[in-house]
Amino acid sequence: MPLSAEGFDVDGVDVSADMIEAARAQLPASRAAHLSVQALHELRLDRTYRTAYMCGVFGIGGSRDLDNQAMHRAYQHLDPGGALLIIHQLPYDAEEGWPDWLPGHRAGYPEPWPDQGSRRRTVDGDEIELLTRVAEFDPLEQQVVLAMRARLWREGSVVKEESYMLKSCLYFAQEILLMLANAGFRDVVIEGNYTGKPATGDDGNVIFVARR
Ligand SMILES: C[S@@+](CC[C@H](N)C(=O)[O-])C[C@H]1O[C@@H](n2cnc3c(N)ncnc32)[C@H](O)[C@@H]1O
């Protein structure tokens, strides 16, 4: 959104039609056609780019095979010398959840549902509550499965509920470097979270900058 607002020529994709709809609502009508519903591993746009961003998406909802395909598709969509930027949260970003990696710490899965979730008010005054619990965690596969429940509250009552399972692959930095090299990228650097400086072991969020 900020890049588009500054006049950059931006196209955007998301696998979720709802997310694309929400993004369209924030754009002037003239730019709405620049958004499309696509999965990264099947990315097919009819042009190439100087820069591509994967923001908070890499590893979500897929498998390692699909994530490798996504890297290849991104590579194909870059101009020679163009850059792919992956904004990525490392598995050790938060203390919460870190003990799950240790043997003997996963007996309680699936976790019980929390009593209350996070709530957000919608424009028409309803509230959406999102409850999340870890259903499965496998350190050998480096995968986590989250169970998610969304409730629509109206005048103190739940009027609709939806449930989903979300599987994510957990990537440490060195695996992403290998995947990027495997997809053909070169000159990869890892920067700290929006600092522009080289990342250190104290950065829980990092940005990979990789060149075609
Ligand atoms: C944490 S949100 C980040 C949204 C947005 N990129 C941002 O930075 O605000 C993750 C997004 O990734 C999308 N997503 C998950 N897997 C995807 C895939 N394989 N291809 C494209 N989008 C995907 C989800 O639909 C969701 O909108």
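Every number for a ligand or one of its atoms is a count from 1 in the order of the listing. On a predicted model such as this, the values are computed, not experimentally measured, just so you know.
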*Any idea how Phe58 and His88 line up, ring-wise: parallel (<30°), tilted (30 to 60°), or perpendicular (>60°)?*
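Because their plane-to-plane angle is over 60°, the rings of Phe58 and His88 count as perpendicular.
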For [atom], what is the closest protein heavy atom, and at what distance to 0.1 Å?
atom: atom 19 (N) of ligand 1; result: Leu40 N, 4.0 Å
atom: atom 4 (C) of ligand 1; result: Met19 CE, 3.8 Å
atom: atom 3 (C) of ligand 1; result: Cys55 O, 3.7 Å
atom: atom 24 (C) of ligand 1; result: Asp14 OD1, 3.4 Å
atom: atom 10 (C) of ligand 1; result: Gly56 O, 3.5 Å
atom: atom 12 (O) of ligand 1; result: Val57 CG2, 3.4 Å

_Atom indices of ligand 1 within 4.0 angstrom of Ile60 heavy atoms, with elements_ =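 Per the distance check, 10 (C), 15 (C), 16 (N).
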*Measure the spacing between CG of Asn205 and CG of Asp93 and express it to the nearest 0.5 Å.*
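Answer rounded to 0.5 Å: 4.5 Å.
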_Tyr171 versus Arg64, closest heavy-atom pair with distance_ =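 Minimum heavy-atom contact is OH-CG, 3.4 Å.
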*Using only heavy-atom distances, determine whether the side chains of Asp11 and His34 contain a donor-acceptor pair under 3.5 Å.*
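Yes.
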*asked:* Under a 3.5 Å threshold, yes or no: a donor from one side chain and an acceptor from the other, between Thr122 and Asp124?
replied: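 A pair is found: one side chain offers a donor N or O, the other an acceptor, under 3.5 Å apart.
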*Consider ligand 1: state whether an atom of it lies below 4.0 angstrom from any non-hydrogen atom of Gln38.*
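Contact present.
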_Taking Leu43's backbone N and O only, do any of them form a donor-acceptor pair with Arg73's side chain (distance below 3.5 Å, no angle check)?_
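Checked: pair present.
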_Heavy atom of protein closer than 4.0 angstrom to atom 22 (N) of ligand 1_ =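 Given the 4.0 Å cut-off, atom 22 (N) of ligand 1 counts as touching protein heavy atoms.
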*Return a yes/no value for Val15: is any of its N or O atoms, backbone included, closer than 3.5 angstrom to an N or O of ligand 1?*
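Indeed, backbone or side chain, Val15 has an N or O that close.
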*asked:* So for atom CZ, which belongs to Arg186, do other residues, nucleotides or ligands contribute more than 12 heavy atoms lying within a distance under 6.0 Å?
replied: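 Yes, the 6.0 Å shell around CZ holds more than 12 heavy atoms from other groups.
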